[in-house]
Protein chains: 2
Amino acid sequence: MGIRLQTVPEPKYRHLKTVIGEALDHEFRVGEVLPNERELAARFGVARATLRQALEQLELEGRLQRRRGVGTTVAPPRVGVEVGSENWPGAPCDPWQARDAHRALPPTAVAELLGTGDEPVHVLTRVRLDEALPVATELLYVPAASVPGLSAIDAAGGAARARAVLRELGHLGPEGEDRAVELGSAGAEDARRLDRLPGSPVLLVTTRFFAEGATAAVSVATYRADTCRLTFGADGAGVEIAPACQAS
Amino acid sequence: MGIRLQTVPEPKYRHLKTVIGEALDHEFRVGEVLPNERELAARFGVARATLRQALEQLELEGRLQRRRGVGTTVAPPRVGVEVGSENWPGAPCDPWQARDAHRALPPTAVAELLGTGDEPVHVLTRVRLDEALPVATELLYVPAASVPGLSAIDAAGGAARARAVLRELGHLGPEGEDRAVELGSAGAEDARRLDRLPGSPVLLVTTRFFAEGATAAVSVATYRADTCRLTFGADGAGVEIAPACQAS
DNA sequence: GAGTGGTCTAGACCACTGA
DNA sequence: CAGTGGTCTAGACCACTCA
């Protein structure tokens, strides 16, 4: 029989994806709105569910943006977000904005990384913006031992306390960090903060910060997978690194 | 009206996801097969499509594994794959296996990174295995200028030629690298090599390798998002890095 | 209130796996 | 071959946005 090039016909939704994808490249501009789903489905002669399967994949790839009640628009290229040489929490260039702080027991997975048994830790909630749009949310777990200068029970709550913890963290001698990236889906809380629906795909970045021979903090950051490209700066010579951090 | 805690009921599929997710934690072991989709849908009193929405998200999170003709099984924890201190292509610890090599025009995006205008480059196809299972595929683009020792038109094809290119690359003086991670979906080719369906979510890792003041090569690697957690080794003191690479 | 995408149903048939 | 997940249909209603 020779080589089997196309034993089985390509599923409709995949063909649709190709066709629409090409149309996006040639016939649409960034921000332009597509015809609505019922219209598109009719035009291609498929059920709406089938069309949606194609649109979902294009959205996953960051080519489309869909918003309930509004419509489907052509997405801009993903923004590069520097993660690799992310600054130590509390350092002047730290791109995160503190929102809140409280004390709580970390999830067991985090507790293991921190090596603090059943002790409660500081939990900071932070947000990372790009052009005023949220691109990530973060939970930063800081053991009490990492911020000895902080009065154990401080009445200051919320953002003010968060900044106090960060200030103390900034005084430690950074010794490096450790990172893992994996795919996840946004929980209800994260989805709200990222202005997405729960279940949207996100990139989960877990970072361990080391100082003075111990794990000083663990960060679990949730980046919008549709709009973000995580970048890890060059660690060699001859290449420009982001220059000085700008005040903002 | 006070605080609105639950204005709208949670969608069924999301509730299903929670319920099944908890069941996975408590009542199933890794590798165990779940009842089939029709059975589960009936048991939960929902349409099969609704059930599938829940299963899809659980699969996205790496908690389930579904295979046509076989069934749905509980997935093992994701494997950590070291990416950060990935060795220079052709170095002795390089975790990739060369499969093929040919000369071709790179995609325009890659051509821009390489800075080789319209010139064809070497394109190596490589695979990365973990425990004998493929976790990633890669296209490595190597400009002719990076491998001057290679006879321009060498009759040796396939894996042999790929190894020749890598050998030459290994002679360069590495000056660092540059990396970006984003979400994508597997193309037909990648899907086949990764033993997944086309369109499955993947982590796209684009790496620039620098040597002698120029971009020596660009790698576009496609990691299975369901089974992989990309790790970026510590760059500080006091933390163990992967020891010597074992011959394999 | 009109129009959008999001959820859901109850079917059907197909492609693939493994016994 | 029987049983699995994958694709597809033609509807329906809901939640949300914005004029």
Side-chain angles (χ1 to χ4, degrees), chain A residues 4 6-18 20 31-60 64-75 185-186 188 191-192 195-201 226, chain B residues 4 6-18 20 31-60 64-75 185-186 188 191-192 195-201 226:
Chain A
R4 38 181 249 169
Q6 190 74 30
T7 312
V8 182
E10 195 181 38
K12 281 189 186 178
Y13 79 91
R14 211 179 313 152
H15 183 240
L16 266 184
K17 183 183 149 189
T18 310
I20 299 176
E32 201 167 338
V33 300
L34 271 61
N36 71 55
E37 296 184 349
R38 291 161 180 87
E39 161 79 23
L40 281 176
R43 192 178 300 185
F44 288 113
V46 300
R48 195 176 150 220
T50 305
L51 173 83
R52 278 178 60 82
Q53 234 180 317
L55 296 186
E56 257 149 42
Q57 288 209 3
L58 288 168
E59 191 179 28
L60 194 78
L64 287 180
Q65 194 161 349
R66 298 191 289 171
R67 273 179 307 166
R68 166 151 52 175
V70 179
T72 302
T73 57
V74 181
S185 60
R192 197 174 46 72
D195 192 25
R196 300 252 55 204
L197 286 180
S200 329
D226 55 344
Chain B
R4 37 180 250 169
Q6 190 76 30
T7 312
V8 183
E10 195 180 38
K12 281 188 187 179
Y13 79 90
R14 211 178 317 149
H15 183 240
L16 266 184
K17 182 184 150 189
T18 310
I20 298 176
E32 201 167 338
V33 300
L34 270 62
N36 70 55
E37 297 184 348
R38 291 159 180 88
E39 161 79 21
L40 280 176
R43 191 178 300 184
F44 288 112
V46 299
R48 195 178 149 217
T50 305
L51 173 82
R52 279 179 59 83
Q53 237 181 313
L55 296 186
E56 257 149 42
Q57 287 210 2
L58 288 167
E59 190 179 30
L60 194 78
L64 287 180
Q65 195 162 348
R66 299 192 289 172
R67 273 178 307 166
R68 168 154 47 177
V70 178
T72 302
T73 57
V74 181
S185 59
R192 199 174 44 73
D195 192 24
R196 299 252 56 203
L197 286 181
S200 329
D226 55 344

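In what follows, every chain begins at residue 1, and chains take the letters A, B, ... in the order their sequences are listed.
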Classify A:Arg67 by what it touches in the nucleic acid, base, sugar-phosphate, or nothing, heavy-atom distance under 4.0 Å. sugar-phosphate

Sub-4.5 Å side-chain heavy-atom contact between [X] and [Y]:
X	Y	result
B:Ile20	B:Leu51	yes
B:Leu64	B:Leu34	yes
B:Ser185	A:Lys17	yes

Phosphate contact ([N] OP1 or OP2) by [X] side-chain N/O below 4.0 Å:
X	N	result
B:Thr72	D:dG5	yes
B:Arg66	D:dG6	yes
A:Arg48	D:dA10	no
A:Asn36	C:dG3	no

Could you give the [atom1]-to-[atom2] distance, from [X] to [N], as a whole number of Å?
X	N	atom1	atom2	result
B:Glu37	D:dT4	CD	C1'	8 Å
A:Leu55	C:dG6	CG	C1'	13 Å
B:Arg196	C:dC16	CZ	P	15 Å
B:Glu56	D:dG5	CD	C1'	11 Å
A:Leu40	C:dG3	CG	P	17 Å
A:Glu10	C:dA15	CD	C1'	15 Å
B:Leu51	D:dT4	CG	P	13 Å
B:Gln53	D:dC14	CD	C1'	14 Å

Between B:Arg38 and B:Ala47, which has a closest nucleotide on DNA chain C that is more 5'? B:Ala47

Look at the side chain of [X] and decide which nucleotide, out of [options], has an atom nearest to it.
X	options	result
B:Tyr13	C:dT7, D:dG5, C:dG5	C:dT7
B:Arg52	C:dT7, D:dG6, D:dT9	D:dG6
A:Thr50	D:dC8, C:dG6, C:dC8	D:dC8

